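This is a predicted model, so every value here is computed, not measured.
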Amino acid sequence: MIAAVDVSPREAEVLELVGAHLSNAEIGARLFISVRTVESHVSSLLRKLEVPDRRALAGRAAELARADEPHAAPPVLPASLTSFIGRVRERAELAEMIRACRQVTAVGPGGVGKTRLVLTVAADASGEYADGVWFVDLVPVTDPGMVAAAVAGALGLGEQPGRGMTESVVAALADRHALLVVDNCEHVVDGVALFFERLLATCPRVTVLATSRARLMVPFERVYPVPPLSLAVDGESDAVALFMERAAAVGRPLDPPLRDQIAAICERLDGMALAIELAAARYPTLGLDGITAALSHPLRMLTGGSRADERHRSVRAALDWSHALLEPGDRALLRQVSVFVAPFTAAAAADVTGSEEGLVADGLARLAEQSLLTVTASPDGTEYRALETIRQYATERLIEAGELAGTRARHLRWCLTEAAGLAVVGADWRARFDAVADDFRAALAWAADQPERHADAQRVARRLAELTFNRNLIGESQQRYEQAAALADAPATTASMLRHAAAVAGCRTRGDDMYRLHRAAADAARRAGDTAAAARDLATAATVAYRFSTTFVRLPPREEALELITEAREPAGDDPAARAAVALAEAAVLTDAFGAAQGPAGNAVPATIARAERAVELAHRTGDPLAESAALDALIGAQSWAGDTFATAATARRRITLLSSLPISPAGTHELIDALGIVTEAGLGAGDVPGARRWARQLADHPSLAEVGHRATCRLLMVDALAGNVDEVLTGSVRFLDAWRRAGSPAQSLLCPAAAAVAMIHGLRDDHDARRAWQEILDRLGTPPEHTYGYGAVFDAMVLLHHGQAPKALERTAPEPRQVWKWVTWIWHHWYVALRTEAAVLAGSPDARDRLVEARTVVAGNPVAAAIVERAEALLDKDRERLLATAYAFDAAGCRYQSARTLVLADGDHAARGAAALADLGLAPMAPPRHPD
């Protein structure tokens, strides 16, 4: 089925993943291609499969998948594609306008045909935009602050932690030549105006074509008033042609002699496209005479007002009589289903109307026959939707009937039921959530404005916060948790929601928000009379300021953190959780266990360890794995400062054991992401390369890091580079670089070792241009001077030794390990000592033997570093048997590069095997070994 549409194998893979509702970054990570390549494939698929937007493309993917199944049922009531009639002049004018102007708004009353016109113009112009045409429907958006999220969804962008959706969209489109079509802006015009202003100022090659009932009042805007369909132009009439085509589509072709009568009807309807389509849908049952009589009824007569008002009223008139001709039950059904902002099924409509599903399905079919609903096939069956103008009209009828509150209340209950059904994340969970999320948001917006509904609104907000977190919409998740806190009627509930919001802020790397929300939670806990909980929140805020200092914009000063601890001590009392929180804050602030930017410079290691151990002991007593994990993180910092490599690794593994079985939650996710990064580095420092790679892989594949591939892969690149997994480094570096650039090329020291690792691999491959490019990236990341003898020395020394430049490698590692800054060497200490020792041996240094003795003591227990030192001693002693034995040690330790290097160093027949192994890895030949005399 897919092949018949001329879809390439790679496009088919992309289409399948779009159907699974993955973002472009997630697809790129899954297929090992850049996000830009994914965007290109999606744009191509939109054209080839003739669908307007990403949501429709996902539905088409599911439809094609079902068609490829051996016993798949054909789609029920598929949507009919209607032709676009006339408007030759308007198409030409609007097309010329978007070529000349960067932001064009097609304005006009509902039903004039704005959407069909701009979609046709956009399709005509698609070949002029190298990066495609993208369609965004704002009808389901009920919050002006969600405009950027709607655009991001259409573009296939997920949220990048540390950036808002607007920043993510702007970054993605910054260098794109694209046309963005944004439909139905009028009800969120404030959000649209702010978003467009930022987009147009930052993305010079993006053009925006919007539709709205009124102008948007944004810079650069050019307004194109959409006229009604022509009634008579040189004997031709677009309005008449539309009526005849639509009437023929419902089974009653009209004879040309009837054109004058049709023209009279179209003139009465002012050439309004929607009104004409509604009238044409009635032709099989009323005939032209019946339609004329209905429109001539005194109650429907058009009188007074400006011409623009009349045009709007002509649509209302057509809706009025079309509505009046419905059976009472169908009228009620139409107005009640108007509460749905997204496509809905008959089962959903039955729940909201309180009627039997079979009867509702029959009624929906009748409404569709009268063009009052559109019908599409979906993976879950037939779906219905009203055009926005019809939906607004039906909502007015709902209000007039006094049924708004009752219907919206049933819709709210339906949302809560659907949300409960989404609590368990399954294979099709994303698609099911996306199908109903807009209705959840609409129900919440209504209930939040009804004081008597705040309890239900709070439940919806909390459910939506949980669901959006699982959907990786973490910005919205934080917003909903804060909304749930504001809607809560009990201060204790408010405090709980604020703590959840703070945890989500942590996942977003928003330290300022974490700090603010924990302090707000403390205030709420005080109001609830829970002084111990307030103490815990105050102490946690102080800890956050130090533990996550690199995620702050405005870093709280040390004095402020000390005041929080003082404020927390007394109310903590004997409460175990509060005491543990205060102890951790003291370890963080008083002895700087986390090495914060604002920490004291001269804190003593014994005091730091003592404070951290006390925090771990108290946290363990609480039985809370998250509290204990945070305390263990402080102990890891203290142990690393003490230079206890193996204790550091053991404590890091203990954190993972604590967290591995916890259910998914914001706090658990935040803690796990941090723990995986630390355990990878600690494992690498202790020489546990297989373990480090396992944890780094888990980190790289974590869903919450899908949109920040540079952060997701940075540890894995380090491990793979040291292991000699060249292909994996080259593949992973594509994701790293692509994501880093999409994130705005941030200067983050966390990323420096990864860039240095990739540069090293290119150095081992003799790819000088690529190595130079990655060195430039390293410079842009802002490598701190104190890191010079950490990862920098390790990776540089490996390249120099590979190319036979042992004296330079020795010079690069000249400082004694104890002279090197402690925070850098805690991961790299053993690697540095081992490579420094080998360089001394190969360079013929007179103190090589002394260095070997000292190094053996330092690296004892580290399988990789010990093997490097053993190899150096074997070279010094000219003991080939011992030398070859280290090759097996390297293989067992997961270091293929060092194993191959050993064989080359062994010379003779072994050197050929080593050279072949290096070639298999994709590396350049080593320089001929120069054995020590």
How far apart are the closest heavy atoms of Phe433 and Leu473, and which atoms are they?
CE2-CD1, 4.2 Å
May I ask you to test the Trp740-Pro746 pair for a side-chain heavy-atom distance under 4.5 Å?
yes
Please step through side-chain contact (heavy atoms from CB on, under 4.5 Å) for the pair Glu403 and Gln336, ending with a clear verdict.
CA-CA 8 Å; Glu403 299 171 349; Gln336 289 171 346; 3.8 Å; yes
Going by ring pair (Phe, Tyr, Trp, His ring centres under 6.0 Å), name the residues that satisfy it together with Tyr224, two or more places apart in sequence or in a different chain.
none
Tell me if a side-chain donor or acceptor on His187 pairs with a main-chain N or O of Val141 at a distance below 3.5 Å.
yes
Quick one, Arg91 and Asp124 - any side-chain contact, counting heavy atoms below 4.5 Å?
yes
What residue among Val151, Val206, Thr202 forms side chain to side chain contact (heavy atoms under 4.5 Å, CB included) with Val170?
Thr202
When you measure from the side chain of His454 to the backbone of Asp449, do you find a donor-acceptor pair of N or O atoms at a distance under 3.5 Å?
no
Check Arg205 with Asp175, please: is the shortest side-chain N to carboxylate O separation under 4.0 Å?
no
When you look at Val107 and Val226, which way does the side-chain contact (heavy atoms from CB on, under 4.5 Å) test go after all the steps?
CA-CA 6 Å; Val107 301; Val226 178; over 6 Å; no
Regarding Ser40 and Thr37, is there a side-chain donor-to-acceptor distance under 3.5 Å anywhere?
no
With a 4.5 Å cut-off on side-chain heavy atoms, are Phe469 and Ile474 touching?
yes
Pairing donors with acceptors under 3.5 angstrom, does anything connect the side chains of Thr395 and Gln392?
no
Does the side chain of Thr374 reach to within under 4.5 Å of the side chain of Glu383, using non-hydrogen atoms?
no
Tell me, with the steps shown, if Arg516 and Glu482 meet salt bridge (Lys or Arg N to Asp or Glu O under 4.0 Å).
CA-CA 12 Å; Arg516 167 182 62 83; Glu482 293 194 51; 3.3 Å; yes
Check whether Ser237 reaches the backbone of Ser230 with its side chain - one donor and one acceptor, N or O, closer than 3.5 Å.
yes
Closest heavy-atom contact between Val708 and Pro161?
CG1-CD, 3.6 Å
Salt bridge between Lys114 and Asp183, side-chain N to carboxylate O under 4.0 Å?
no
Any non-hydrogen side-chain atom of Met272 less than 4.5 Å from a side-chain atom of Leu229?
no
Could you verify whether a donor N or O on one side chain and an acceptor N or O on the other, from Glu128 and Ser126, lie under 3.5 Å apart?
no
Rounded to the nearest 0.5 Å, how far does CG of Leu155 lie from CG of Leu173?
5.5 Å
Polar contact flag, side-chain donor to acceptor under 3.5 angstrom, His177-Asp131
no
Gap between atom CG of Asp320 and atom NE2 of His323 - 0.5 Å precision:
8.5 Å
Could you tell me whether the side chain of Arg391 and the main chain of Ser338 form a donor-acceptor pair under 3.5 Å?
yes
Polar contact flag, side-chain donor to acceptor under 3.5 angstrom, Arg508-Gln478
yes
Can a salt bridge be assigned to the pair Asp438 and Arg55 using a cut-off of 4.0 Å between side-chain N and carboxylate O?
yes
Arg102 (side chain) donor-acceptor with Leu200 (main chain) under 3.5 angstrom:
yes
Considering only heavy atoms from C-beta outward, does the side chain of Leu387 approach that of Leu372 to under 4.5 Å?
no
Are the side chain of Asp439 and the backbone of Val341 linked by a donor-acceptor contact shorter than 3.5 Å?
yes
Can you measure from CG (Leu94) to CZ (Arg89) and round to the nearest 0.5 angstrom?
11.5 Å
Take Glu186 and Asn184 through the side-chain contact (heavy atoms from CB on, under 4.5 Å) test and state the conclusion after the steps.
CA-CA 6 Å; Glu186 57 276 347; Asn184 295 293; 3.8 Å; yes
Is it true that the NZ or CZ of Arg198 lies under 6.0 Å from the centre of Phe196's six-membered ring and within 45 degrees of the ring axis?
no
Output for pair (Gln458 CD, Leu444 CG), nearest 0.5 Å, gives 10.0 Å
Side-chain contact test, heavy atoms from C-beta onward, threshold under 4.5 Å: evaluate it for Tyr129 versus Thr207 and give yes or no.
yes
Check this for me, if you would: do Arg36 and Glu39 make a salt bridge, where the nitrogen-to-carboxylate-oxygen distance has to be below 4.0 angstrom?
no
Distance-only, no hydrogens or angles: does the Asn24 side chain make a donor-acceptor pair with backbone N or O of Val35 under 3.5 Å?
no
List the steps, then state whether side chain to side chain donor-acceptor pair (under 3.5 Å) holds for Glu221 with Thr105.
CA-CA 7 Å; Glu221 181 183 33; Thr105 307; 2.6 Å; yes
So which heavy atom on Ala239 is nearest to which on Gly271, and how close?
CB-CA, 4.4 Å
Taking NZ, NE, NH1 and NH2 as the nitrogens, is one of them in Arg463 or Glu418 under 4.0 Å from a carboxylate oxygen of the other?
no
Determine whether Val504 and Tyr481 satisfy the following criterion, side-chain contact (heavy atoms from CB on, under 4.5 Å), listing intermediate values before the conclusion.
CA-CA 9 Å; Val504 179; Tyr481 274 122; 3.9 Å; yes
Enter the distance from Phe195:CZ to Leu216:CG here, rounded to the nearest 0.5 Å.
12.5 Å
Distance (rounded to the nearest 0.5 Å) between Thr166 OG1 and Leu199 CG:
9.5 Å
Mind checking whether Arg87 and Pro227 have side chains closer than 4.5 Å, heavy atoms only?
yes
Residues Gly19 and Ala61: closest non-hydrogen pair is CA-CB, 3.7 Å
Non-hydrogen atoms of Ala505 and Asp513 that approach each other most closely:
CB-CB, 3.7 Å
So which heavy atom on Pro228 is nearest to which on Asp270, and how close?
CB-O, 3.0 Å
For the residue pair Ser168 and Glu707, confirm or rule out a side-chain donor-acceptor distance under 3.5 Å.
no
Restricting to ring pair (Phe, Tyr, Trp, His ring centres under 6.0 Å), what partner residues turn up for His411, sequence neighbours left out?
Phe340, Trp414
Do Glu476 and Thr468 meet the criterion of a side-chain donor-acceptor pair at a distance under 3.5 Å?
no
Could you tell me whether a side-chain N or O of Arg410 sits under 3.5 Å from a main-chain N or O of Val352, the two making a donor and an acceptor?
yes
Please determine, by modelled atom types, if Gln479 and Asp143 share a side-chain donor-acceptor pair under 3.5 angstrom.
yes
Salt bridge between Glu159 and Arg163, side-chain N to carboxylate O under 4.0 Å?
no
In terms of side-chain heavy atoms, does Asn470 have a donor or acceptor partner in Arg430 at a distance below 3.5 Å?
no
